[in-house]
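In listed order, ligands and their atoms are each counted from 1.
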Amino acid sequence: MPEHDEEPAHDGGWSRQGRPTRDVGYEPSLAYARERDRHDPLRQFRRRFTLPRGRIYMDGNSLGAPPHEAVREVHRALRDWQRLGIDGWMSAAEPWFGWAEQIGRRQAPLAGAEPDEVVVTGGTTINLHQLVATFYRPRAGRTKILTDALNFPSDRYALEAQIALRGLDPREHLIAVASEDGHTIAEAALERAMTADVALVVLPSVLYRSGQLLDMQRLTRTAHERGIEIGFDLSHSAGCVPHALHAWDVDFAFWCNYKYLNAGPGSLASLFVHRRHFGRRPALAGWWGSDKARQFDMASEFTPAAGAGAWQIGTPGILSLAAASGALDVTLDAGIERIRNRSLALTSYLMFLTDRQLTPYEFQVATPREPERRGGHVALTHPAAVQICKALKARGVVPDFRPPNVIRLAPVALYTTWEEIWRSVRHLRQIVASGEHRQLDATPQVVA
Ligand SMILES: *Cc1c(COP(=O)(O)O)cnc(C)c1O
């Protein structure tokens with residue numbers, strides 16, 4: 001990509017570390033939004049995506065938009081299958097055997113991991129099961145798993161199931177730290193709950209509803225000081241926020257690739273295991289976790305791979321790997337630091353417009369304002385959020401709704417424009433000012 005013209009004047013006012021460097025000086029006019037688009041250092045990336053025609057796509061934190069490269073790679077994998085059949089495993093342009101590890105190596109910098117600490121495999125919830133099954137070792141006096149009360153439901157179901165599998169009662173052994181304000185969780189409250197009876201901590205990097213970004217480094221340090229292992233679900237930060245999992249000494253992590261990493265609906269997920277734990281026995285063993293040189297010996301004894309690949313279970317979906325590989329090229333070309341800078345600038349602009357145009361109409365921002373405390377989306381609350389979301393969709397803006405009253409808007413660094421943010425906020429204001437949402441049904445859609 002030729003697009004490497006750093007333009008500090010258009011970084012939204014944040015330094016590369018994501019801290020405010022000066023007054024941002026946004027302006028509320030459409031002309032200003034267009035001017036920002038004209039000079040945006042990442043403006044070339046939008047062309048690498050197919051976006052719904054005539055609509056404003058603000059839901060990339062639920063399902064990222066399709067990059068052309070992802071589609072192209074899937075077509076190539078299909079042709080390889082037609083051309084090569086079984087030989088695709090060894091002879092495809094990207095041999096399918098070992099591709100999951102290869103994409104993991106390329107994805108590792110996004111996690112701040114060493115190349116063999118990441119592999120693309122399974123699903124988000126499946127990887128959570130695999131890693132918690134491996135890392136949760138209840139023992140005398142240390143039997144509990146600590147999480148937060150706002151965690152994604154699937155994560156919570158899986159944690160409860162893992163506790164129940166050990167013959168323990170989840171009501172007693174899962175500690176869910178409460179939120180004071182219903183939107184955020186204080187790191188200090190999580191630390192207070194890291195008591196001597198806790199065996200394992202599992203937390204999201206970014207809370208899926210409010211968009212709060214937790215201080216993973218601090219939480220990891222405290223957990224380790226207290227003899228507790230800790231893992232993170234990076235579903236809402238992977239591809240959007242830089243991480244330093246290896247340096248922070250995080251024990252394990254897992255994430256979804258279909259959100260900010262644009263690998264397609266239901267794509268394979270990823271997992272990270274810190275190399276300190278290499279050699280630990282994967283709890284849910286399967287042949288795909290074998291040492292690659294031994295896998296086809298078909299031995300009755302399992303020889304796990306040396307790296308994170310050992311935590312794979314079965315054959316990966318090659319079409320999904322193809323999409324993940326193509327999509328990853330786009331993210332890597334842009335660079336995670338530039339993505340983070342632009343994402344912070346866009347979310348901060350969205351909050352600026354919200355403050356000016358929407359707060360008189362009962363909207364509130366539930367996302368923390370500090371750049372180091374938020375991920376890639378902005379959560380607005382409104383008592384009529386369900387109807388407002390439907391009215392927005394009818395006007396061609398795609399948001400998402402999270403019960404009971406949250407509208408999430410994700411301006412995605414790789415493809416959302418300043419003008420689209422401006423237009424989304426104007427639509428919101430026109431909806432509430434005219435009351436057009438009041439005619440709409442207040443029952444949420446099944447997938448919203
Ligand atoms: C998106 C997301 C998931 C999705 O789980 P799947 O197994 O991919 O369905 C899980 N946890 C969190 C925190 C998420 O944001």
His236/Phe152 under ring pair (Phe, Tyr, Trp, His ring centres under 6.0 Å): CA gap, chis, key distance, verdict: CA-CA 11 Å; His236 273 86; Phe152 196 82; 7.2 Å; no
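- When only non-hydrogen protein atoms are considered, atom 4 (C) of ligand 1 lies nearest to Tyr258 OH, 3.2 Å.
- In this structure, atom 13 (C) of ligand 1 lies nearest to the protein heavy atom Asp233 OD2, 3.1 Å.
- Of all non-hydrogen atoms in Leu213 and Glu372, the two that sit nearest each other are CD2-O, 3.6 Å.
- At least one N or O atom of Thr125 sits closer than 3.5 Å to an N or O atom of ligand 1.
- Relative to the ring axis of Tyr57, Lys393 does not place its NZ or CZ within 45° and under 6.0 Å from the centre.
- Screening Arg36, Arg46, Arg55 for a salt bridge (Lys or Arg N to Asp or Glu O under 4.0 Å) with Glu420, the sole residue that qualifies is Arg46.
- Those atoms of ligand 1 with a heavy atom of Lys259 less than 4.0 angstrom away are 1 (C), 2 (C), 3 (C), 14 (C), 15 (O).
- Annotation for ligand 1: atoms under 4.0 Å from non-hydrogen atoms of His236 are 15 (O).
- Minimum interatomic distance between Tyr208 and Leu150 (heavy atoms only, all atoms of both residues): CE2-O, 3.4 Å.
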Test Leu271 against Phe252 for side chain to side chain contact (heavy atoms under 4.5 Å, CB included), laying out the working first. CA-CA 7 Å; Leu271 64 78; Phe252 65 88; over 6 Å; no
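- At the shortest separation from atom 11 (N) of ligand 1 among protein heavy atoms lies Asp155 OD1, 2.8 Å.
- The distance from ligand 1 to the heavy atoms of Ser235 drops below 4.0 Å at these ligand atoms: 2 (C), 12 (C), 14 (C), 15 (O).
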